[in-house]
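Residues take their numbers from the sequence shown, with the count starting at 1.
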Amino acid sequence: ATSPAWSPDGSRLAFASNREGTWRVYVAEADGTDVRRLTDGPGSDFAPAWAPDGSTLGFLSTRSGRAEVWVVSRDGIDVRQVTASSAGWIDSFAWAPK
């Protein structure tokens with residue numbers, strides 16, 4: 001596992017892992033229980049970061065052919081791409097306060 005990120009309230013941990021053969025984003029309770037995969041699809045998903053309100057996780061993904069920023073709801077249902085870079089490979093991002 002790599003890229004651990006604590007939720008803003010400290011109750012959950014997001015991380016990237018290739019435990020199933022491809023890099024995906026997972027979340028677990030703070031004590032390590034209830035590990036759930038949040039992302040799936042083509043490409044690799046990595047570098048998760050919680051939104052300041054804890055409702056959403058941002059992550060990098062190569063599912064569009066290059067690393068772009070995507071977001072997923074904390075329940076894993078709503079997944080969408082939020083960048084479309086023509087400048088090359090995105091290797092990091094940060095949430096900005098509202």
Side-chain angles (χ1 to χ4, degrees):
T2 185
S3 305
W6 287 104
S7 63
D9 67 3
S11 68
R12 301 177 62 92
L13 182 67
F15 60 94
S17 175
N18 65 350
R19 63 178 54 201
E20 296 176 18
T22 303
W23 287 98
R24 300 287 177 230
V25 173
Y26 294 81
V27 293
E29 296 298 318
D31 64 3
T33 61
D34 193 27
V35 176
R36 292 185 311 117
R37 186 180 69 220
L38 277 190
T39 64
D40 199 7
S44 295
D45 304 327
F46 51 97
W50 291 92
D53 68 1
S55 67
T56 306
L57 276 156
F59 63 97
L60 296 177
S61 180
T62 61
R63 48 180 87 191
S64 66
R66 66 177 64 197
E68 298 287 353
V69 179
W70 290 65
V71 293
V72 61
S73 57
R74 70 180 291 152
D75 59 12
I77 294 173
D78 181 28
V79 181
R80 59 190 157 77
Q81 184 176 343
V82 295
T83 63
S85 174
S86 61
W89 191 270
I90 295 174
D91 61 7
S92 66
F93 69 97
W95 289 95
K98 287 186 176 185

>> Test your reading of the model: is there a side-chain donor-acceptor pair from Ser73 to the backbone of Asp78, 3.5 Å cut-off?
In response: yes
> Looking at Ile77, Val72, Asp45, Val79, which hits side-chain contact (heavy atoms from CB on, under 4.5 Å) with Leu38?
Replying inline: Val72
> Is any side-chain heavy atom of Leu60 less than 4.5 Å from a side-chain heavy atom of Trp23?
Replying inline: no
> If you measure from CZ on Arg24 to CZ on Arg36, what distance do you get to the nearest 0.5 Å?
Replying inline: 16.0 Å
> Would a distance-only check, ignoring hydrogens and angles, find a side-chain to backbone donor-acceptor pair under 3.5 Å from Arg66 to Ala84?
Replying inline: no
> Any idea which heavy atoms bring Ala30 and Gly10 closest together, and the distance?
Replying inline: CB-O, 3.6 Å
> Is any side-chain heavy atom of Leu57 less than 4.5 Å from a side-chain heavy atom of Arg12?
Replying inline: no
> Can you tell if the side chain of Pro8 reaches within under 4.5 Å of the side chain of Pro52, non-hydrogen atoms only?
Replying inline: no
> Does Val35 reach the side chain of Phe15, with side-chain heavy atoms less than 4.5 Å apart?
Replying inline: yes
> Side chain of Thr56, backbone of Ala51: donor and acceptor closer than 3.5 Å?
Replying inline: no
> Do side-chain atoms of Thr62 reach the backbone of Ser44 as a donor and acceptor pair under 3.5 angstrom?
Replying inline: yes
> For the residue pair Ala49 and Trp95, what are the closest heavy atoms and their distance?
Replying inline: O-NE1, 3.0 Å
>> How close do Pro4 and Leu13 get, counting heavy atoms only, and between which atoms?
In response: CB-CD1, 3.9 Å
>> Can you give me the closest heavy-atom contact between Trp50 and Trp6, atom names plus distance?
In response: CD1-O, 3.1 Å
> When rounded to the nearest 0.5 angstrom, what distance separates OG in Ser61 from CZ in Phe46?
Replying inline: 7.0 Å
>> If I take atom OG1 from residue Thr83 and atom CH2 from residue Trp70, how far apart are they, to the nearest 0.5 angstrom?
In response: 9.0 Å
> Where is the tightest heavy-atom contact between Ala47 and Ala16, given as atom of each residue plus distance?
Replying inline: N-CB, 4.2 Å
> If every non-hydrogen atom of Ala5 is compared with every non-hydrogen atom of Pro48, which pair is closest and at what distance?
Replying inline: CB-O, 3.6 Å
